[in-house]
Amino acid sequence: MEKPRVRFAPSPTGALHIGGVRTALYNYLLAKRYAGTFILRIEDTDQTRYVPGAEKYIVEALEWLGLQPDEGPGFGGEYGPYRQSERKGLYGQYAQQLIDNDKAYYAFDTPEELDAAREKAKESGNHNFKYDSSVRGQMRNSVSLPEEEVKRLLDAGTPYTIRLKIPTDEVIVIQDIIRGEVRFQSNELDDKVILKADGMPTYHLANIVDDHLMEITHVIRGEEWLPSTAHHVLLYRSLAWEDTMPKFAHLPLILKPTGKGKLSKRDGNKLGIPVFPLSWDGDTPEDSFTGFKEYGFLPEASINFLAFLGWNPGTEQEIFLLQELCEAFSLEKIGKSGARFDIDKAKWFNQQYIIQSSNAELAELIRPMIEEKGHKVETAFLQAFCGMMKERVNLLPDFWANGYYFFSSELEYEAKPIRKKWKPERRAFFDQLKADLATLDPFEATNIKSTIVSAMEANGFGFGDVLPIVRVAVSGTVKGPDVFEMMQLLGSEEIQARLEKGYAAFDEIKAAVQ
Ligand code: GLU
């Protein structure tokens, strides 16, 4: 395959939805698979929808995921500028060329006139008013008006838009890499505005001109753009650029966790799941979201999960680092049907990546969270903690939720095992055990274990009589990593204090029952 030049072309209208991130990922993967170029282009021609901070968010999200553009605003490249607002002066000539070749026309209709036409259509039962060849003749444009009138209007500086003149009775055939042949009947298409009254191009014109000038080879984007592709093909044809027209690949929808309907940004807050890569602080709570990162997903796991939303390698292998995805990826292996956003699967991926991460990496990832809770910890301690806990967490905050007792001695004791196992007549045994542990030197897991086991055996107790008590005194819970290693890490002094405090608390728990 020739080296692909692909672009991720988001509009900075707010936080980048996870569907957009997947589009970026697939573009990136195709570029890297064939030693091509991944371009970031900011499509900001619609000033009314522009949201400050959105471009920065997009760049930060790509950076977090490791999807570095080869060309783009702030990334260099020879096809710039890469922000459409900075290319404003470039598009008019192509709109003019289309007018000159009778492929587009001036439309002088005011917003009020357009509203009136829409109303009129509604009254006659047509709720989907389209500015197309059937109404073109009744509107005020350079097709319907006499030439002198058009000239007069233009000379007088009358505001106008430029519309694409869709041919009648044509079938437009698109070869989509994912969907195969897709056909559009031209009579169903509207005469889209390509240049607005303020001189700015609309998405359609800017997108085509830029894809052409930036020598884009493949357009990989969401399914929602498929209907626009008919217009785009006509634009390529009308500008005599059909020979170099990019190939199209329209990605399947991402479906809600239930599998029914498209995943929306509202599903995030409603279901308590991330649908954005990073958190976003909007003006209202409904427009504010917690990201994959802030939920405690690792970027590698997020990438792996997203890659599988629509694509699969055709083998059993599920764990793919970005580099491995770059080698295995192909557009042909993307499915047509919607991909269900399965948050449990995302957590499973995260768990796998956490297990594979080194203790040193994990320690640095969770350090801010531990410090935020008010605990300063030594690096060696934190790393050992990560080693003990990493098989028991899905998300990074689970390290705290399931292991807070490594940092805090304010424990919440699970009452059930205590009610069952704490017997006042065994108090002397547990006091003696505590005293035996106090003299241990070095205070290490193997010693701790043999001390407990011999005390147990000498008194005819089993593991089930002793370990739950010790465990709950040390950590508050019967769940957790190896109890002897946990005790070693916490240290002799701390264990003495916890046993003392625990025994007293157990007496109270027991007393409360009687
Ligand atoms: N600006 C469009 C968007 O926001 C780009 C669509 C395309 O890739 O052509 O998704």
Side-chain angles (χ1 to χ4, degrees), residues 4-31 37-51 53-59 61-62 67 69 71-73 79 81-88 91 164 174 176-179 182 184 192-194 196 200-236 241 244-254 262-265 275-277 280 306 310 331 334:
R5 285 181 58 81
V6 291
R7 83 306 192 270
F8 173 50
S11 300
T13 55
L16 179 64
H17 183 266
I18 210 70
V21 179
R22 185 195 57 175
T23 300
L25 173 63
Y26 286 3
N27 275 282
Y28 177 91
L29 293 178
L30 187 79
T37 308
F38 172 58
I39 299 158
L40 173 64
R41 183 172 77 218
I42 301 294
E43 301 211 326
D44 57 351
T45 55
D46 190 349
Q47 295 294 325
T48 59
R49 296 183 61 219
Y50 181 83
V51 172
E55 180 182 326
K56 186 164 167 268
Y57 178 95
I58 291 164
V59 170
L62 294 180
L67 305 177
E71 296 176 19
Y79 295 75
Y82 292 93
R83 252 181 229 112
Q84 288 184 328
S85 58
E86 291 167 16
R87 302 168 68 81
K88 187 180 170 196
Y91 305 107
L164 188 62
I174 296 161
D176 187 278
I177 296 175
I178 297 168
R179 276 144 222 283
V182 186
F184 291 92
K192 286 242 183 290
V193 172
I194 54 172
K196 292 182 281 190
M200 275 291 219
T202 59
Y203 156 71
H204 303 285
L205 180 66
N207 191 268
I208 263 46
V209 168
D210 287 347
D211 281 351
H212 176 73
L213 296 179
M214 294 181 181
E215 297 180 19
I216 298 303
T217 57
H218 296 74
V219 167
I220 305 166
R221 62 186 170 195
E223 178 175 273
E224 66 274 24
W225 299 103
L226 186 57
S228 302
T229 311
H231 289 94
H232 298 175
V233 169
L234 287 173
L235 274 166
Y236 281 110
W241 292 341
T244 55
M245 186 168 80
K247 296 193 173 72
F248 295 101
H250 287 92
L251 306 176
L253 286 179
I254 299 181
K262 185 177 162 181
L263 180 75
S264 77
K265 59 180 187 180
V275 296
F276 290 90
W280 171 261
L306 285 176
L331 289 173
I334 297 174

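Counting starts at 1 for both ligands and their atoms, in listed order.
For the pair R221 (side chain) and T23 (backbone), a donor-acceptor distance under 3.5 Å is absent. Side-chain atoms of S85 never come within 3.5 Å of backbone atoms of D44 as a donor-acceptor pair (strictly under, hydrogens ignored).
Nearest protein heavy-atom contact of atom 6 (C) of ligand 1 is Y203 OH, 3.4 Å. Regarding atom 8 (O) of ligand 1, its nearest protein heavy-atom neighbour is R7 NH1, 2.7 Å.
Contacts between N207 and ligand 1, counted as non-hydrogen atom pairs separated by less than 4.0 Å, involve the side chain only.
Judged as a side-chain contact (heavy atoms from CB on, under 4.5 Å), and not counting sequence neighbours, P227 has no contacts.
With 3.5 Å as the limit, one finds no donor-acceptor pair spanning the side chains of Y79 and D210.
Using a 4.0 Å cut-off to heavy atoms of E43, the atoms of ligand 1 that qualify are 1 (N), 2 (C), 5 (C).
Below 3.5 Å of separation, one finds an N or O of A9 facing an N or O of ligand 1.
Ring centroid separation for the pair H218 and Y26 does not come in under the 6.0 Å cut-off.
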